[in-house]
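Here the structure comes first, spelled out in structure tokens, and everything after it is commentary.
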Amino acid sequence: MDFKPANEIQDLQYFGEFGGVNPSISDSSTYTFLSAKTMFDTFEGNADGCYLYSRHSSPSNLYLGQALAAMEGTETSNVTASGMGAITAVIMELCKTNDHIVCSRTIYGGTYAFLKNFASGFGIQTSFVDITDLEQVESTINENTKVLYCESISNPLLEVADIEALAGLAKKYSIKLVVDNTFSPLSISPCKIGADITIHSLTKFINGSSDTVGGVICGTQAFINQLRDVNSGACMLLGSTMDSLRASSILKNLRTLHIRMQQHSKNAMYLAEKFEELGLKTVYPGLPSHPSHSVYKKLMNEEYGFGGMLTIDAGSIEKANELMELMQNENLGYLAVSLGFYKTLFSAPGSSTSSEIPEVEQDEMGLSEGLIRMSIGLDADIGRTYKHMLACMKKVDII
Ligand code: PLP
């Protein structure tokens, strides 16, 4: 593939109003018009390049949106106040009462809870499936299905969705393939390989400094216009708008994403190989032992690696907690739920980010209680980090 997502971001040029190397921040919620007619036309969506009110659009949000669309190879995008703000707007835009969604059963707990407990209240039903079982996915699609939903790399089990194959199914049944690409920015470009819509929680790797929440929806101009429609659009009416100051700071961080992703991936690969050698049950898409290693290789933009997320199994929640507390005390990372920080972050998803999923269902999908999810940091000397982690593992008796 000659599509180079990081180049697409860096080739964009926009200057600040005084020639600044960064675009100026649009610090306004509303905008003046020289004529009342232009204001009317803007309201009707007929005055390109004019701004009305920042819940609809603002220059800073459009700059960030343009860069993210370039990264994902889509016509355009709309940034939102959080990843959930992006996910919920897309679902509510695409589905109405009596519609049906086929969704991977291993997804972020908040998305699972929204589909199962919230969207169902509006008569939108969801069937949760093993996304790696294409026959199961296909047989679950029915005449009311509008959306096929998955994460490229699932949270927290790191299952890999075969986006190309799923796109084939989506096309066959005229439904939309929506992919949450939060775990694999740059590494996978879902819309370049057949997805209709790509979503990110910008809170994670893309922003990379754990100082804000944010989200984005990448897709066609027609779909983004629909989301922004003043009369019926889910982004406009549900109101999960990003603030301009944040859009501007995320844009600055986005420009170094390729360097960070390469380092996250390199460090995660190193640790995953070492952990596996120790005999620990280790899941990382870069390991040949990962059941979807070859699928990931087929889909990926190679130069960014297999991402920064891995899991190990400590055997029990008690051992997992003991190990995480010790690693934090030894300054090897933080016991925290998010991901994509410069420092390694670890948590036990069964009792945190996936706790919305009932225990029986956690068992069914293989989410064991001793599972530790790690977002591997940007450590300059990962060999040294490994030695210290090894000492901690020996101390708590998991190897
Ligand atoms: N998607 C994935 C894969 C996530 O892990 C998360 C949050 O952890 C979200 C979406 C939600 O994003 P946000 O917290 O920015 O709303």
Side-chain angles (χ1 to χ4, degrees), residues 64 68 72 77-92 101 103-116 118-119 128 131 147 149-161 163 178-188 190 195 197-218 234-235 238-243 246-247 249-250 253-254 261 264 283 285 307-311 334-341 345-357 365 367 371-376:
L64 175 62
L68 290 162
E72 289 298 354
S77 81
N78 194 53
V79 294
T80 52
S82 68
M84 283 310 292
I87 292 163
T88 54
V90 166
I91 298 295
M92 297 313 276
I101 299 170
C103 178
S104 169
R105 65 183 180 177
T106 76
I107 47 165
Y108 166 57
T111 310
Y112 173 90
F114 175 75
L115 293 172
K116 184 156 185 195
F118 199 100
F128 294 96
I131 204 74
V147 168
Y149 187 96
C150 64
E151 293 169 359
S152 340
I153 312 301
S154 76
N155 182 357
L157 293 182
L158 311 182
E159 285 181 348
V160 178
I163 295 165
V178 180
V179 180
D180 177 339
N181 198 29
T182 300
F183 275 29
S184 44
L186 295 177
S187 182
I188 295 184
I197 294 156
T198 299
I199 291 174
H200 282 279
S201 163
L202 303 176
T203 317
K204 313 293 162 38
F205 289 103
I206 290 184
N207 185 54
S209 47
S210 291
D211 57 0
T212 188
V213 286
V216 70
I217 303 158
C218 301
C235 282
L238 297 177
S240 63
T241 310
M242 179 177 278
D243 182 75
R246 277 311 182 191
S249 68
I250 296 172
N253 290 355
L254 177 66
M261 282 319 292
H264 283 299
V283 175
M309 302 301 295
L310 64 83
T311 69
Y334 298 139
L335 176 48
V337 292
S338 196
L339 43 126
F341 198 36
L345 301 178
F346 30 77
S347 57
S351 52
S352 59
T353 48
S354 296
S355 57
E356 295 90 341
I357 304 173
M365 66 174 74
L367 206 176
L371 193 86
I372 300 177
R373 186 190 76 182
M374 291 182 154
S375 163
I376 305 301

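Numbering of ligands and ligand atoms starts at 1, following listing order.
Side-chain contact between L367 and S354: present, with at least one pair of heavy atoms (C-beta onward) separated by less than 4.5 Å.
Using modelled atom types, no side-chain atom of D180 and backbone atom of E151 make a donor-acceptor pair closer than 3.5 Å.
Scored by the ring pair (Phe, Tyr, Trp, His ring centres under 6.0 Å) test, F205 finds H264 as partners (sequence neighbours excluded). H200 meets the side-chain hydrogen bond (donor to acceptor under 3.5 Å, both in side chains) test with E72; sequence neighbours excluded. With sequence neighbours left out, the ring pair (Phe, Tyr, Trp, His ring centres under 6.0 Å) criterion links F128 to Y112.
Side-chain atoms of S209 and N253 form a donor-acceptor pair, as typed in the model, at a separation below 3.5 Å.
Enumerated by chain and number, the residues approaching ligand 1 to less than 4.0 Å through a heavy atom are S82, G83, M84, I87, Y108, E151, N155, D180, T182, F183, S201, T203, K204, G214.
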